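We count residues from 1, following the sequence as given. We count ligands from 1, going down the list as the structure has it; atoms in each ligand are counted the same way. Quick caveat, the model's predicted, so the values are computed rather than measured.
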Amino acid sequence: MAEGPLVHHYANRLRRVLKGKEVRVEFGIRKLKQFEPSLEGLRVQDVEAHGKQFRIHFPDNRVLLVHLMMWGSWRIYRNGEGWDKPPERARLIFRTPTHDVVAFSTPIVRLLTKSELKEDPKWGNLGPDPLRHDFSVKEFFRLLETQATREIGEVLLDQQVISGIGNILRVEILFQSRIHPRRLVGSLSENEKHEMLRWIFRFTKTWMKRMEKKADWISIYRKSGKTCSRCGTLIEFSRQAGRITYACPSCQCLS
Ligand SMILES: [Zn+2]
């Protein structure tokens, strides 16, 4: 699963190749093929990441929304360079005078107007993204307050409360904040919420900076059966919001 930092990293690379370029767009999705002529010769206005979504903007007010989910990936090829993935898995191709930019195996590709995207209940209503300049602390805390009776480990994965956090980030953020993932949001103190936010910023930025390097900031993700580096207690794991979550039962506060 691509979490926010990886999505921002790829969006930056795509922006360098696509922004301001006249593109030919090809879809590997039958129902989108009919829209190819309407995009012919348009220049890409911008490429942005919001949470786990890629949004590629066109000057006619339309947006291509791409979500990689578990299986998708982007590749950028120079003209004439052979593709390292089967062409039949290409779901979306941008051809520029110098590059082919290809989204392979992405389950979600949507072509929407800006207002359609904004009003879309599934894709439009994203919570603030800690890697974006428009992140609002106030808005994040306001949204958290509306989730008082849910567990924090579940809420951190809710893209409509905060976007871009996936399983690795939620586990590590809660471990460093010493908050047990089963805690109800309404039970968190102001200090705990601020501490959590501090680690949200820290880990999303660290991951972006160390994209190509070893993930040495990971302390307990997938470390069940090992002991907590802080207190020596055995790390526990359980299912939460459909994913495996990890926690130290001793130093991550349960109440
Ligand atoms: Zn511990």
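Less than 2.8 Å away from the Zn ion (ligand 1), the protein contributes these N/O/S atoms: Cys228 SG, Cys231 SG, Cys248 SG, Cys251 SG.
Between His8 and Phe54, the distance from one ring center to the other does not fall under 6.0 angstrom. Ring to ring, His9 and Trp207 are not that close: their centroids are 6.0 angstrom or more apart. For an aromatic pair to be called close, the ring centres must be under 6.0 Å apart, and Trp83 with Phe104 satisfies this.
A cation-pi contact, defined as under 6.0 Å to the ring centre and within 45° of the axis, links Arg230 to Phe175.
Considering Leu65, Leu126, Val7 in turn, Leu126 is the only one that fulfils the side-chain contact (heavy atoms from CB on, under 4.5 Å) rule with His50.
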Before giving the answer on salt bridge (charged side-chain N to carboxylate O under 4.0 Å, His left out), spell out for Arg178 and Glu195 the whole-Å C-alpha distance, their side-chain angles and the decisive distance to 0.1 Å. CA-CA 9 Å; Arg178 303 189 184 222; Glu195 184 65 3; over 6 Å; no
